[in-house]
There are 2 protein chains.
Amino acid sequence: MAHKSAVHGHAPLEVLVGRVPIFAGLAPEELQEIAGRVRLRRHVRNEQLYGAGENNPFLMIIHSGQVKIFRITESGHEQLIRVLGEGDFLGDMSFISGAPKDHFATTLETAEICALHHDDLRDYLLRYPSVTYKMLETLSSRLESTERQLSALAGEDADHRLAAYLLELADEHPTAKFPLPIAKKDVASFLGLTPETLSRKLTQFEDAGMIRQHPRRTIELVDVPALHRL
Amino acid sequence: MAHKSAVHGHAPLEVLVGRVPIFAGLAPEELQEIAGRVRLRRHVRNEQLYGAGENNPFLMIIHSGQVKIFRITESGHEQLIRVLGEGDFLGDMSFISGAPKDHFATTLETAEICALHHDDLRDYLLRYPSVTYKMLETLSSRLESTERQLSALAGEDADHRLAAYLLELADEHPTAKFPLPIAKKDVASFLGLTPETLSRKLTQFEDAGMIRQHPRRTIELVDVPALHRL
DNA sequence: CGCTAGATTGAAACGAGTCAATTACGGTGG
DNA sequence: CCACCGTAATTGACTCGTTTCAATCTAGCG
């Protein structure tokens with residue numbers, strides 16, 4: 001039973017599904033089949049998709065918007081793990097391990113998200129090895145960046161972590177002036193800092209002539225070599 | 001060209017290969033084929049299997065011994081990422097991403113390790129989806145524990161990290177008295193601490209009556225609830 | 001356009017790192 | 001098998017980066 005395109009102004013579901021990296025390369029009729037098993041929903045900003053302890057049996061695929069994945073440590077501290085965007089999926093962990101979630105997922109902005117039941121996913125993974133392989137690629141790259149983040153947290157001080165983060169962002173943008181993709185408090189959480197420390201470091205970088213801060217959380221890198229040097 | 005079992009006193013290669021989790025479940029003739037493509041080598045203690053920047057095109061599978069995976073941060077700090085043992089594999093990252101290694105792998109003790117060329121691995125992943133799926137499971141569970149470790153490093157203080165680590169070890173042992181699986185300096189690195197701090201915390205725990213330290217890096221948990229409470 | 005969450009700034013406390021010196025293992029070779 | 005040597009572990013004193021707490025300011029969503 002195919003859903004009708006629930007969201008106005010959008011391409012049909014199978015086209016959306018075909019744009020998702022892990023399903024890219026499947027034949028049109030295969031996409032159509034998957035599209036028929038998928039439930040597309042619109043989520044408002046700051047909506048919790050699932051929380052720790054829950055057992056939400058869906059693989060979720062983001063068509064638009066951003067989702068943040070974070071943990072709450074025993075001491076109540078919120079640790080941002082990663083931010084997912086268009087084409088990314090979440091909910092894979094509990095599919096594979098069968099264990100309930102141990103983290104939280106909430107939207108950072110209005111988002112359109114597909115949900116595919118774990119039973120269906122299992123079916124596709126068995127029938128389309130290319131999908132399994134794509135997931136493997138994705139997890140591998142997530143693992144790599146999480147490991148990098150881990151060693152940065154343990155080994156580098158606040159200045160280095162922040163500089164590395166800004167330079168990484170700069171790589172993803174054509175110009176040296178770009179907005180932070182997320183709120184500063186989330187940047188702080190991601191970098192393992194308090195918002196206060198982040199704020200101080202940013203003004204410190206600005207005073208040192210390495211960056212400039214503009215309205216709407218926009219950062220301009222003025223002295224890239226200095227940031228690299230640090 | 002099949003290798004002869006190079007290591008004395010061991011089962012034939014295909015039996016060893018069959019014991020490896022990611023190849024478990026393959027038919028005998030499939031195992032035999034893989035065994036024929038594999039090179040088994042004995043490595044001495046503290047041997048470097050590969051280092052950052054290298055491009056070692058092998059998936060390595062551990063038959064015996066332990067291997068540590070670590071990174072060297074820009075500030076020269078060594079960060080232990082994980083310790084792999086019998087049945088675990090390494091060298092998957094660069095296979096999938098094609099990028100050169102960004103970390104180091106060295107043996108912690110004498111180890112027997114199989115190497116499978118990336119070209120052969122690619123072949124098997126295409127032909128045996130169950131192998132791909134097993135790898136997916138493994139990476140997923142590594143990602144999960146790395147994320148846990150990440151949030152602990154950022155959010156928990158030294159006491160909590162150490163207590164959690166000891167309790168985790170205790171879960172893997174029948175009794176409350178067990179040896180640390182690795183040298184204390186490696187434990188320190190794993191927990192994001194200096195050896196000095198780890199040493200101090202352990203004596204502090206001992207003074208508080210929560211643990212007892214015995215020779216040969218053996219720890220005895222005396223007051224488990226207290227460790228949980230912390 | 002008002003309200004609330006986010007951001008900034010200051011002052012003070014503290015956890016963990018660093019440096020240095022000593023002791024204790026444990027692996028290697030005789 | 002034992003002795004030696006080098007690495008690991010421990011201990012102490014001191015420093016410093018980051019957190020914490022508190023107050024104020026700002027901005028963006030509803």
Side-chain angles (χ1 to χ4, degrees), chain A residues 44-47 65 68 73 75-80 106-111 152-163 179-207 211-219 230, chain B residues 44-47 65 68 73 75-80 106-111 152-163 179-207 211-219 230:
Chain A
V44 300
R45 179 189 160 80
N46 284 327
E47 186 176 333
K68 72 170 175 180
T73 66
S75 40
H77 175 87
E78 171 178 327
Q79 174 63 38
L80 182 57
T106 67
T107 54
L108 284 171
E109 55 196 40
T110 305
L153 272 180
E156 245 77 76
D157 63 16
D159 303 73
H160 283 86
R161 299 206 295 271
L162 176 54
L180 296 175
I182 49 181
K184 285 186 182 172
K185 76 174 171 65
D186 289 324
V187 174
S189 166
F190 184 64
L191 295 177
L193 300 172
T194 57
E196 293 94 324
T197 301
L198 175 61
S199 179
R200 280 186 254 268
K201 292 298 176 189
L202 282 173
T203 54
Q204 188 182 309
F205 280 16
E206 188 161 25
D207 291 348
I211 67 168
R212 285 181 65 188
Q213 298 193 67
H214 299 276
R216 296 193 134 262
R217 67 166 83 130
T218 296
I219 304 288
L230 255 191
Chain B
V44 300
R45 178 190 162 79
N46 285 327
E47 186 176 333
K68 72 170 174 180
T73 64
S75 39
H77 175 86
E78 171 178 327
Q79 174 63 38
L80 182 57
T106 68
T107 55
L108 284 171
E109 56 197 39
T110 305
L153 272 182
E156 244 77 77
D157 62 16
D159 302 77
H160 283 86
R161 299 207 295 271
L162 176 54
L180 296 176
I182 50 181
K184 285 186 182 171
K185 75 174 170 66
D186 289 324
V187 174
S189 167
F190 184 64
L191 296 177
L193 299 173
T194 57
E196 292 95 322
T197 301
L198 174 62
S199 179
R200 281 186 255 268
K201 292 298 176 188
L202 282 173
T203 54
Q204 187 182 309
F205 280 16
E206 189 162 24
D207 291 348
I211 68 170
R212 284 182 66 189
Q213 297 193 68
H214 299 277
R216 296 196 131 260
R217 66 165 82 131
T218 296
I219 303 287
L230 257 189

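Convention: sequence-line order gives letters A, B, ...; per-chain numbering from 1. The model shown is predicted, which means the values in this text are computed figures rather than measured ones.
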field: Distance, nearest 0.5 Å, that separates CG of B/L162 from CG of B/L198
entry: 6.0 Å
query: What residues, two or more places apart in sequence or in another chain, satisfy salt bridge (charged side-chain N to carboxylate O under 4.0 Å, His left out) together with B/D159?
result: B/K201
Pairs under 3.5 angstrom, nitrogen or oxygen only, protein versus nucleotides 18-24 of chain C, please.
unit_1, atom_1, unit_2, atom_2, d
C/dT18, O4, B/R200, NH2, 2.8
C/dC19, N4, B/E196, OE2, 3.3

message: I need the minimum non-hydrogen distance between B/G192 and A/A154, along with the two atoms involved.
response: CA-CB, 4.1 Å
task: Specify the separation, in whole Å, of atom CD of B/Q204 and atom C1' of C/dA16.
output: 12 Å
message: Between B/F205 and B/L230, is the side-chain contact (heavy atoms from CB on, under 4.5 Å) condition met? List the steps.
response: CA-CA 11 Å; B/F205 280 16; B/L230 257 189; 3.8 Å; yes
- request: Just jot down the side-chain hydrogen bond (donor to acceptor under 3.5 Å, both in side chains) partners of B/K68, sequence neighbours excluded, or say none.
  value: B/E78, B/D186
field: Trace of the side-chain contact (heavy atoms from CB on, under 4.5 Å) decision for B/V44 with B/T107
entry: CA-CA 7 Å; B/V44 300; B/T107 55; 5.8 Å; no
message: If you take any heavy atom closer than 4.0 Å to DNA chain C, which residues from residues 184-193 of chain A end up in contact?
response: A/K184, A/K185
message: Check the phosphate of C/dA16 against B/K201, side-chain N and O only, distance under 4.0 Å to OP1 or OP2. Yes or no?
response: yes
message: Distance check, rounded to the nearest 0.5 Å: A/E47 atom CD versus A/L108 atom CG?
response: 12.5 Å
query: In B/S/- notation, 5' to 3', how is nucleotides 25-30 of chain C contacted by protein heavy atoms closer than 4.0 Å?
result: -S----
task: Report the C-alpha separation of A/T73 and B/H160 in whole Å, then their side-chain angles, then the decisive distance to 0.1 Å, and conclude whether the side-chain contact (heavy atoms from CB on, under 4.5 Å) test is met.
output: CA-CA 11 Å; A/T73 66; B/H160 283 86; over 6 Å; no
query: Nearest-Å distance, CG (A/L198) to P (C/dA7)?
result: 8 Å
query: Between A/I182 (CD1) and C/dA7 (C1'), how many Å, whole number?
result: 15 Å
- line: CD of A/Q79 to CG of A/L191, rounded to nearest 0.5 Å, is 9.0 Å
statement: Nearest heavy-atom approach of A/G65 to A/E109 is CA-OE2, 3.3 Å
field: Between C/dA7 (P) and A/I219 (CD1): distance, integer Å
entry: 11 Å
query: How far apart are the closest heavy atoms of B/T203 and B/R200, and which atoms are they?
result: OG1-O, 2.8 Å
message: By nearest heavy atom, map A/L202 and A/A154 onto DNA chain C; which one lands nearer the 5' end?
response: A/L202
message: Heavy atoms only, 4.0 Å cut-off, all strands: where does B/Q213 land among base, sugar-phosphate and nothing?
response: sugar-phosphate
Nearest-0.5 Å distance that lies between atom CZ in A/R45 and atom OG1 in A/T110: 8.0 Å
- request: Provide the start and end nucleotides, 5' to 3', of the part of DNA chain D that has atoms under 4.0 Å from heavy atoms of chain B.
  value: D/dA8 to D/dA13
query: Do you know which two heavy atoms are closest between B/S75 and A/G155, and how far apart they sit?
result: OG-O, 3.3 Å
